[in-house]
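Take a look at the structure set out below.
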There are 2 protein chains.
Amino acid sequence: MKNRLEDLLSTLQAAATLEDLQTVLEELRDYYKVEHTVYHWVNSVGERYGAGTYSAEWVDRYLEKDYLRLDPVIFGCFQRFTPVSWKSLDWSSKPAREMWQDAIDHGLGNQGFTIPIRGPNGQFALFTMNATAADEDWDHFIDENTRDLMIIAHEFNKKALEFEQWGEDGNVPALSPRELASMSCLAKGMSRAQAAAELNISEHTLRVYIESARHKLGAMNTTHAVARALSTGIIII
Amino acid sequence: MKNRLEDLLSTLQAAATLEDLQTVLEELRDYYKVEHTVYHWVNSVGERYGAGTYSAEWVDRYLEKDYLRLDPVIFGCFQRFTPVSWKSLDWSSKPAREMWQDAIDHGLGNQGFTIPIRGPNGQFALFTMNATAADEDWDHFIDENTRDLMIIAHEFNKKALEFEQWGEDGNVPALSPRELASMSCLAKGMSRAQAAAELNISEHTLRVYIESARHKLGAMNTTHAVARALSTGIIII
DNA sequence: CTCTACCTCGCTATTTATGGGGAGTTGCAT
DNA sequence: ATGCAACTCCCCATAAATAGCGAGGTAGAG
């Protein structure tokens with residue numbers, strides 16, 4: 001039985017398209033005997049990308065009603081590090097409970113378990129299992145399978161990042177030490193004058209570094225340059 | 001033998017102080033028969049926090065020489081999602097190779113394996129194994145143990161977040177949708193005029209959002225505000 | 001030895017951002 | 001219904017950043 005899971009992981013690691021992910025998700029659903037398995041990632045402007053066994057109707061409705069904005073699963077996972085059972089989330093708001101009922105009406109089970117996954121540059125994704133089960137049975141299922149599911153979730157995200165080649169493009173420009181130091185100071189909130197004092201150079205020299213870094217980073221202005229330096233990881237605040 | 005690992009995980013889950021983490025790290029080192037095990041995170045002001053079996057001399061030297069800024073392990077992991085063997089990183093720069101030699105001189109082994117871990121609000125941490133081994137032996141070690149180590153790394157980070165109450169709520173201010181959109185535009189390199197046009201509002205209104213976001217983020221200037229918004233993950237480029 | 005990249009400093013003019021004021025609307029929640 | 005938070009708009013004066021022109025010294029790579 002465990003070997004079946006290993007097979008699925010191998011299939012996942014060999015996946016080359018979104019359809020392959022879809023297939024693995026369906027097999028995982030059958031393997032774990034749950035209603036649905038879903039992987040999707042959510043970016044900051046609220047777009048969705050992913051695969052799963054939810055019905056097209058439910059996905060359309062979710063998008064149409066803009067449930068992303070009020071879904072306690074999204075919100076809760078965004079603030080949490082650890083996987084979470086849906087029952088433990090905050091369903092106190094009325095719109096959230098209405099969404100919940102709507103979900104049930106669209107074929108979702110009454111239990112859920114979602115694993116938040118974070119990648120470079122603020123990438124954020126969710127891996128979800130949905131099932132119909134009694135509370136204690138579901139808790140037991142989670143206890144038994146959390147570790148395996150975390151590994152699976154990790155592999156799904158790895159694949160998704162490969163598909164979208166997030167970040168991995170290595171053409172990150174190399175800044176000189178002084179340029180990096182200048183960017184760091186600015187990222188910490190120093191003004192040019194303060195940064196120049198910090199680095200023991202004239203403000204004019206500092207400006208040369210900032211300009212140079214700007215050009216290397218292909219940035220429109222200082223804020224842009226600092227933003228790029230941060231998101232490529234060449235500086236850390 | 002596997003039970004020993006389960007015991008260690010239980011101990012970790014029951015840990016209440018940093019010293020407990022330290023103890024677990026030492027026992028993990030002995031269990032895996034490696035030179036060093038380290039958990040540390042890089043917080044948003046660039047300080048270091050963590051525990052590990054490195055000598056105090058090496059930790060001091062690392063901080064003193066500001067190796068954080070040029071360490072290929074930090075840089076490489078920041079850009080990656082998956083665990084990485086040190087040998088596969090970019091050691092082409094001379095300062096990086098000097099740091100490497102310095103590390104060896106301070107008792108580190110010639111092989112390393114580091115798992116990047118990301119939590120809410122841009123939290124970023126590393127879990128590292130260091131050892132003396134031949135390349136093929138180390139590759140084999142990694143193959144055998146990556147999954148267990150990923151689970152362990154996850155548990156360490158969970159504990160660290162508990163200790164510091166990083167994510168679970170609060171210290172990251174919630175920006176309004178327009179404030180977030182304004183920050184996003186600026187992070188993408190738009191000038192105020194361009195951003196205002198993009199958002200279909202007057203430049204004055206845009207300024208109100210920027211000011212408001214600045215105050216909420218406790219930032220000194222716009223660049224600082226965008227930097228904080230990026231590094232806490234509330235916006236992405 | 002030459003060439004390149006880096007580090008350092010100066011000037012002027014223009015554009016842009018910031019820091020104070022106010023003021024009115026909408027919408028959601030208590 | 002009252003209040004609070006968000007959204008929208010406006011003016012003015014000052015501070016800061018950007019763009020353009022320079023120059024010279026040092027260290028490493030080919």
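Each chain gets a letter, A, B and so on, in the order its sequence line appears, and its residues count up from 1.
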Angle class for the A:H154/B:F81 ring planes (parallel below 30°, perpendicular above 60°, tilted otherwise)? parallel
Angle between ring planes, B:F141 versus B:W138, binned at 30° and 60°: parallel, tilted or perpendicular? parallel
Is there a donor-acceptor contact under 3.5 Å linking the side chains of B:N121 and A:Q79? no
In whole angstrom, what separates B:L180's CG from D:dA6's P? 11 Å
Taking atom P of D:dA5 as reference, at what distance in whole Å does atom CD of B:E179 sit? 12 Å
Atom NZ of B:K87: over 12 foreign heavy atoms under 6.0 Å: yes
A:I201, nearest nucleotide to its side chain (from D:dC7, C:dC9, C:dC6): C:dC9
Between A:E179 and A:K216 (salt bridge meaning N to carboxylate O under 4.0 Å), is one present in this structure? yes
Return the polar atom pairs (N/O with N/O) between nucleotides 14-17 of chain C and the protein under 3.5 Å, or none.
| residue | atom | partner | partner atom | Å |
| --- | --- | --- | --- | --- |
| C:dA17 | OP1 | B:R192 | N | 3.3 |

Between B:F78 and B:F124, how do the two ring planes meet: parallel, tilted or perpendicular, split at 30° and 60°? perpendicular
Between C:dT26 (C1') and B:R178 (CZ): distance, integer Å: 14 Å
For the residue pair A:Y54 / A:N130, report whether a side-chain donor-acceptor contact shorter than 3.5 Å exists. no
Heavy-atom contacts under 4.0 Å between residues 204-217 of chain A and DNA chain C, which residues? A:H204, A:T205, A:R207, A:V208, A:Y209, A:K216
Side-chain donor-acceptor pair under 3.5 Å between A:Y62 and A:D71, yes or no? yes
